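Worksheet for the structure shown next.
We number each residue from 1, following the sequence as shown. Side chains are part of it too, since the values below use all heavy atoms of this structure and drop only hydrogens, waters and symmetry mates. Predicted model only: the values in this text are computed from it and were never measured.
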Amino acid sequence: MRNKAKAGKPASTELYKESNWPDALQANLSESLEENCEVLKEAFRSCYDVVFREVIHERTEAILVYIEGIVQSQLLDNHLLRPLLIDLAAESQSKPTLDSLEKETITLSKISRTSKMREAVEGILSGNAVLLLDGFAEGFVLEVKGGIRRSVEEPTTEAVIRGPREGFNESIQTNTSLIRFKIKSPRLKTELFTIGAETQTSVVLTYMEGIANAKVVEEARKRLSKIDIDSVLESGYIEEMIEDQPFSPFPQLQYSERPDTVAGQLLEGRFAIFVDGTPFVLTGPVTFWQFLQASEDYYERFLISTFIRWLRFMFMFIALFLPALYVATTTFHQDMLPTSLILSIAAARETIPFPAVVEVLILEISFEALREAGIRLPKTLGQAVSIVGALVIGQAAVEAGIVSAPMVIIVALTGIASFTIPRFNMAIAIRMLRFPLLILAAVYGLFGIIIGTLLIALHLVQLKSFGVPYMSGIAPLREKELKDILTRAPWWRMIFRPRSFIGRNWKRGKRPNY
């Protein structure tokens, strides 16, 4: 089954043309209400949650179809059923027309007409209600989407000390409106796609017209249009389908739960992809440096933010290289360490039966297992597991002579360093690359680490995200962008947007004169 979304147009039309759905669902609506009702009842056979509400009075018959639980029933009661059953009956005795119903009777703010059975079915499945009248080969699709959704809460994955507390939730309408609250500009464009043959998931491509690079937006639109999948349950599905190099360990799209983060990136010329049913919004194109920046960097004083950014750089290198350097120096290059230190390490390892690389692997794998268990278990149990794990790894394993105390310090410091990387998907990539570097260090010493580093660097400089070099700013070098890469310059010095992403409007503003 193929499902190709068209730019600015729901993909469902294409879906039904190429699907194996019954011909009756691909036909036009009939003027006979009874025939239309039979087709819909057959389509929703064995669906207890689909409601068929008959509306009958002296001059016309109608049927209202919707799925209970995903519509706002109060809207239907007040703005459709009440006018139809009471107000209409009190007025003239002539038979109502579609025009009179649309303009005079139905008081919902958003309604549309359809003459296609498939569009009626799609409307019902999307959370709307469909009103069909006897004697008309057209019906109304009533926008009454609702149901129970989580309210706007503080995001749990991107905590800040200073900054907005609102976060995205699972409603795509709520999420796009949160961006509208922050960017009150007609340049903010939102294009709707429907992706997923079975889930019919709403996906919205958002960008700032005139600021975002038109070629990048067109490329994103093209890739979304070509997605062929049966279901989209989270934005991770979309991310894997549209990224440039799926076999790279480095993320090529960023996700965020924070409206301020997404709005800031839109204003820098990136695009955002909202997926219904998930609070994680994708943004792109991305660069490597972006994953080492937190939204709070732009709210604190620039000197403090710059200092913290340098700390992150340092801890990223520690997270990537420290275990490998420890193994290489203690195994091949002992002369590089001070005598007192190497004697202390040798004394601590005297009773350990394993080589240093096996020690590191035991501790690293145990640490990763504890981290995973702490995340997956309920909060109350996860905390207990972390405490027990720390005792077992930190104390019992040393006393049992399985690992040495210096190695516990190395692995603990490495673990803490990996937690300082603000973006979870980049932290995972760094943690994963630590293991091949460890093996190279155990086999070739420092020479192996240099080989591994060169391979990672070569991969990074040839990596692209929607045509933008992954290391943009450093490779290729753009001096004006360094002020927001190596440092966080004050806002009054960041006059221009990053040239890597924008189309024409690249000036932000200037500092006012006092």
Side-chain angles (χ1 to χ4, degrees), residues 245 247-251 287-289 291-292 309-346 348-349 352-369 371 393 403-423 425-463 469-471 473-475 477 485-486:
Q245 294 192 25
F247 292 104
S248 171
F250 293 99
T287 63
F288 177 81
W289 318 109
F291 292 95
L292 299 175
R309 195 169 285 185
W310 287 349
L311 278 181
R312 288 197 199 109
F313 284 127
M314 184 179 72
F315 280 112
M316 182 196 68
F317 285 109
I318 289 175
L320 184 59
F321 292 111
L322 185 60
L325 285 172
Y326 178 83
V327 170
T329 51
T330 55
T331 307
F332 295 97
H333 315 285
Q334 295 90 345
D335 52 338
M336 294 178 65
L337 299 175
T339 305
S340 57
L341 178 60
I342 194 66
L343 287 176
S344 175
I345 293 174
R349 297 201 67 251
I352 306 301
F354 308 113
V357 64
V358 176
E359 266 190 277
V360 175
L361 287 175
I362 289 173
L363 280 177
E364 285 284 358
I365 293 172
S366 302
F367 184 83
E368 292 297 326
R371 188 193 60 82
I393 290 177
V403 295
S404 61
M407 188 62 77
V408 174
I409 297 172
I410 293 293
V411 172
L413 185 58
T414 306
I416 292 170
S418 67
F419 293 146
T420 62
I421 300 173
R423 304 298 171 188
N425 46 1
M426 178 57 78
I428 290 179
I430 297 295
R431 288 210 306 268
M432 195 186 83
L433 289 172
R434 189 188 304 158
F435 289 96
L437 282 173
L438 193 59
I439 301 299
L440 286 170
V443 177
Y444 300 110
L446 288 178
F447 179 70
I449 296 177
I450 293 171
I451 294 294
T453 306
L454 286 175
L455 291 175
I456 294 172
L458 285 173
H459 175 68
L460 284 172
V461 296
Q462 61 85 35
L463 193 61
Y470 202 61
M471 301 296 286
I474 301 292
L477 179 64
I485 293 177
L486 300 180

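- Heavy-atom minimum distance, Arg423 versus Phe291: CG-O, 3.3 Å.
- At least one side-chain heavy atom of His333 sits under 4.5 Å from a side-chain heavy atom of Asp335.
- In this structure, CG in Leu458 is found 11.0 Å from OG1 in Thr453, a value given to the nearest 0.5 Å.
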Tell me, with the steps shown, if His459 and Gln245 meet side-chain contact (heavy atoms from CB on, under 4.5 Å). CA-CA 11 Å; His459 175 68; Gln245 294 192 25; 3.8 Å; yes
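- What you find for Trp310 and Leu486 is that their closest heavy atoms are NE1-O, 2.6 Å.
- The nearest pair of heavy atoms linking Ser418 to Ala427 is O-CB, 3.8 Å.
- Note: Leu337 CG to Tyr326 OH = 9.0 Å, rounded to the nearest 0.5 Å.
- Considering only heavy atoms from C-beta on, Phe313 comes within 4.5 Å of Leu292 through its side chain.
- With rounding to the nearest 0.5 angstrom, the CG atom of Leu438 is 12.5 Å from the CG atom of Leu433.
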Decide side-chain contact (heavy atoms from CB on, under 4.5 Å) for Ile345 and Thr330; before the verdict, give the C-alpha distance in whole Å, the side-chain angles of both, and the deciding distance to 0.1 Å. CA-CA 8 Å; Ile345 293 174; Thr330 55; 4.3 Å; yes
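- Separation of atoms CG (Leu322) and CG (Leu437) is listed at 12.0 Å; rounding is to 0.5 Å.
- Looking only at side-chain heavy atoms (C-beta outward), Leu463 and Phe288 stay at 4.5 Å or farther from each other.
- Note: Tyr470 and Phe250 have tilted aromatic rings, judged against thresholds of 30 and 60 degrees for the angle between ring planes.
- The minimum heavy-atom distance between Ala328 and Gly445, with the atom names listed, is CB-C, 3.8 Å.
- For the pair Ile421/Ile430, a side-chain contact is recorded, criterion being any heavy-atom separation below 4.5 Å from C-beta on.
- Between Leu361 and Phe435 there is a side-chain heavy-atom pair separated by less than 4.5 Å.
- No donor-acceptor distance shorter than 3.5 angstrom exists from the side chain of Arg434 to the backbone of Ala324, with no hydrogens or angles considered.
- Considering only heavy atoms from C-beta on, Met407 stays 4.5 Å or farther from Ile352 through its side chain.
- With rounding to the nearest 0.5 Å, the separation of CD1 in Ile410 from CG in Leu325 is 9.0 Å.
- Rounding to the nearest 0.5 Å places CZ of Phe367 at 7.5 Å from CZ of Arg431.
- Closest non-hydrogen pair, Glu359 versus Ser404, comes out as OE2-N, 2.6 Å.
- Contact check for Phe419 versus Arg371: side-chain heavy atoms found under the 4.5 Å cut-off.
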Step by step, would you call Ile318 with Thr420 a side-chain contact (heavy atoms from CB on, under 4.5 Å)? CA-CA 11 Å; Ile318 289 175; Thr420 62; over 6 Å; no
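- Residues Thr414 and Glu364 are in side-chain contact: their nearest non-hydrogen atoms beyond the backbone lie under 4.5 Å apart.
- Ring geometry, Phe447 versus Tyr444: the interplanar angle exceeds 60°, so the pair is classed perpendicular (tilted spans 30 to 60°).
- Atom CE of Met336 has 12 or fewer heavy atoms from other residues, nucleotides or ligands within 6.0 Å.
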